[in-house]
There are 2 protein chains.
Amino acid sequence: MPKQVDYESRRRRIAEAVCLLSDEHGPEGVTMRDVATRAEVSLGAVQRCFRNKEEMLLFAVDHVGERITERVRTRLSSSPAQSAATALGHAATEIALLRRKHRAEARVWLAFVAQAAVSEPLAAKLRISYAALQDLLARLITEASESGPADDDAATLDPQREARALLALADGLTSHVLIGHLTSEEAEDALHVHLVRLWERLPTSRPGKAV
Amino acid sequence: MPKQVDYESRRRRIAEAVCLLSDEHGPEGVTMRDVATRAEVSLGAVQRCFRNKEEMLLFAVDHVGERITERVRTRLSSSPAQSAATALGHAATEIALLRRKHRAEARVWLAFVAQAAVSEPLAAKLRISYAALQDLLARLITEASESGPADDDAATLDPQREARALLALADGLTSHVLIGHLTSEEAEDALHVHLVRLWERLPTSRPGKAV
DNA sequence: CCAGAAGCGATACGATCGTATTGAAAAAGG
DNA sequence: CCTTTTTCAATACGATCGTATCGCTTCTGG
C-alpha cells in the first residue's frame with residue numbers, strides 16, 4: 001500500500017476549518033474550496049475524506065458538539081465541585097458559551113441548529129448532543145438536591161424538567177447575545193438569577209450563595 | 001405612464017413566498033427564481049421590486065417580525081386580560097410559536113436569527129423586533145405586579161430583567177422543539193412552570209393559578 | 001526489485017446562482 | 001394618433017458551486 005495518512009486527524013483538521021468558515025459565513029456559505037484552503041490541504045484531499053459536502057458538515061457538527069460537551073465535563077472535573085450547586089452554575093455558564101472566547105463556537109452552533117430545522121440528519125446529530133447536555137445538567141441538579149438534608153417532603157424538583165428549562169434558557173440567551181440584543185453581562189445576569197431561584201427551591205437547609 | 005402596479009402589495013406577496021421557501025430550505029437556500037415562481041410573478045418582477053437578494057431577505061424578515069408582534073398584540077387585545085398575569089401567559093405562548101400552525105413561522109425566524117449572527121444589517125432588523133417583544137413583555141409584567149396590592153416592600157421584580165429571561169426561554173424552547181429535542185408539550189410545560197414561579201414572586205396576595 | 005495499489009494535486013464539467021440586458025407590450029400625454 | 005416612458009418577461013452572462021476525472025507520485029507486498 002502507498003503512503004499511509006492519518007485520516008482521522010485530517011478529518012478533524014478539516015472540521016476545524018469548517019468551523020472557522022461557518023463562523024464567518026454560516027455553514028451554507030462554506031465551500032469545499034475554501035475549506036481546503038483554510039485546512040491547508042488540496043480540494044482533492046477534502047473530497048477523499050468525505051464523500052460529499054453534507055457528510056463533511058455532519059462530521060463538523062459532531063466535532064463541535066463533542067468539544068462543547070467535553071469542555072463542560074472538564075470544567076466540572078477541574079473545579080471539583082465545592083458543591084453541586086456551584087458545579088451546576090459552572091456547567092450552565094459554559095453551555096451558554098457566553099465568554100467572548102467562545103463566541104465563534106456559539107455562532108457555529110446556532111448556525112447548525114438553524115440548519116437542522118431543515119435537515120433531518122443534522123437534527124439527529126444535534127439531538128444527541130442536546131440529550132447529553134440535558135442529562136448532565138439533570139444529574140447535577142439531582143446531586144445538588146441530594147446534597148441537602150434528607151428531603152422529607154415528597155417530590156421537590158423534577159431534575160429533567162429543570163434541566164430542560166435551564167438548557168433552553170442558556171441557548172436562548174446565547175442567541176440573543178449573538179445578534180446583539182443582549183450584552184453578555186445581561187445574559188449572565190439572567191442565568192444567574194435563574195440559578196439562584198432554582199437553589200431557593202432546593203430542600204437544602206442553607207440558602208447557598210455561591211455561584 | 002404605463003400600467004400602474006401596487007408595488008407594496010407585490011413586495012408583501014414576494015415576502016410570503018420567501019417565507020414559504022425559507023421554511024423549506026433555509027433563507028440561504030432560497031433563489032430568486034424559486035421566489036418568483038412561488039409568488040407567481042416573473043423573475044424580472046422580483047428584480048424590479050428589490051435591488052438585490054439581500055434587500056429582499058431584509059424585507060422578508062421585517063415582514064415576519066411584524067406579523068409575529070402583531071399577532072401577539074391582537075391576541076392580547078382579543079382576550080381582554082381577565083388579569084395581566086393570564087395576558088402574560090398568552091403573550092409568552094404566542095411568542096414561543098409553539099402551536100403547530102406556526103411551526104413554519106418559527107423555522108423562518110430561527111433561520112433568520114442564525115443568519116443574523118453573520119449579517120449585521122439583518123441583526124439590526126431582528127434587534128428591533130426583539131426589543132419590541134421584550135418591551136411588550138416587560139409592560140405586561142409591570143401591569144401584573146401593579147394589579148396586586150400596593151407593593152409595600154421595595155423593588156420586588158425588575159420587569160425588564162424578567163422579560164429578558166422570559167423571551168430568551170421562549171426562544172430557546174422554540175428552537176429545541178424545532179430540532180425535535182423537545183416535544184411542544186414539554187416546551188409548553190417548561191414555559192408554564194416558569195410563569196407560575198414568576199407569579200409566585202409577584203406581590204399579589206392571591207397566589208394566581210390561571211394560565 | 002518491481003509491479004501495482006493508494007494518495008495526491010490539478011483540472012474539467014455540468015448545473016445553478018445573482019444580476020444585467022434586451023426587445024416587445026402597454027398606458028399616459030401632446 | 002403617435003410618441004414617450006414605464007413595465008414586463010425572457011434571455012444572456014459571468015461567476016461559482018459540488019463533483020468527477022485524470023495523470024503523476026509514492027510507498028508497500030511479494
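Predicted, not measured: the structure shown is a model, and the values here were computed from it.
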Just the rounded figure in Å: distance from P of dT19(C) to CD of Glu55(B).
10 Å
In terms of side-chain geometry, is the basic nitrogen of Glu94(B) or Arg99(B) positioned less than 4.0 Å from the acidic oxygen of its partner?
yes
Please report, rounded to the nearest Å, how far the P atom of dA6(C) is from the OH atom of Tyr7(A).
10 Å
Starting at atom CZ of Arg48(A), determine the distance to atom P of dT25(D), rounded to an integer number of angstrom.
16 Å
Just do the side chain to side chain contact (heavy atoms under 4.5 Å, CB included) check on Ile95(A) and Leu136(A) with the steps written out, would you?
CA-CA 11 Å; Ile95(A) 288 175; Leu136(A) 195 144; 5.8 Å; no
From Leu43(A), Ile14(A), Thr37(A), residue fulfilling side-chain contact (heavy atoms from CB on, under 4.5 Å) relative to Met32(A)
Leu43(A)
Measure the distance from CZ on Phe50(A) to C1' on dG7(C) and round it to the nearest whole Å.
16 Å
Taken in chain and number order and not counting sequence neighbours, the residues that satisfy side-chain contact (heavy atoms from CB on, under 4.5 Å) with Glu185(B) are Thr183(B)
To the nearest 10 degrees, what angle separates the axes at the start and end of the helix from dC1(C)-dG30(D) to dG30(C)-dC1(D), five pairs each?
10°
Under 4.0 Å between a Lys/Arg side-chain N and an Asp/Glu carboxylate O for Arg107(B) and Glu24(B)?
no
Atom CD of Gln47(A) and atom P of dA20(D): how far apart are they, to the nearest Å?
8 Å
Rounded to the nearest 0.5 Å, what separation is found between the CD atom of Glu186(A) and the NE2 atom of His181(A)?
8.0 Å
Apply the test side chain to side chain contact (heavy atoms under 4.5 Å, CB included) to residues Leu88(B) and Glu143(B): give CA-CA distance (whole Å), side-chain angles for both, the deciding distance (0.1 Å), then the verdict.
CA-CA 10 Å; Leu88(B) 184 59; Glu143(B) 284 179 28; over 6 Å; no
For Arg51(B) and dA20(C), what is the distance between atoms CZ and P respectively, to the nearest whole Å?
11 Å
Heteroatom pairs (N/O) under 3.5 angstrom, protein to nucleotides 14-18 of chain D:
residue : atom : partner  : partner atom : Å
dG18(D) : OP1  : Lys53(A) : NZ           : 2.6
dG18(D) : OP2  : Met32(A) : N            : 2.9
dG18(D) : N7   : Arg33(A) : NH1          : 2.7
dG18(D) : O6   : Arg33(A) : NH2          : 2.8

Can you measure from CG (Asp62(B)) to CG (Leu122(B)) and round to the nearest 0.5 angstrom?
9.5 Å
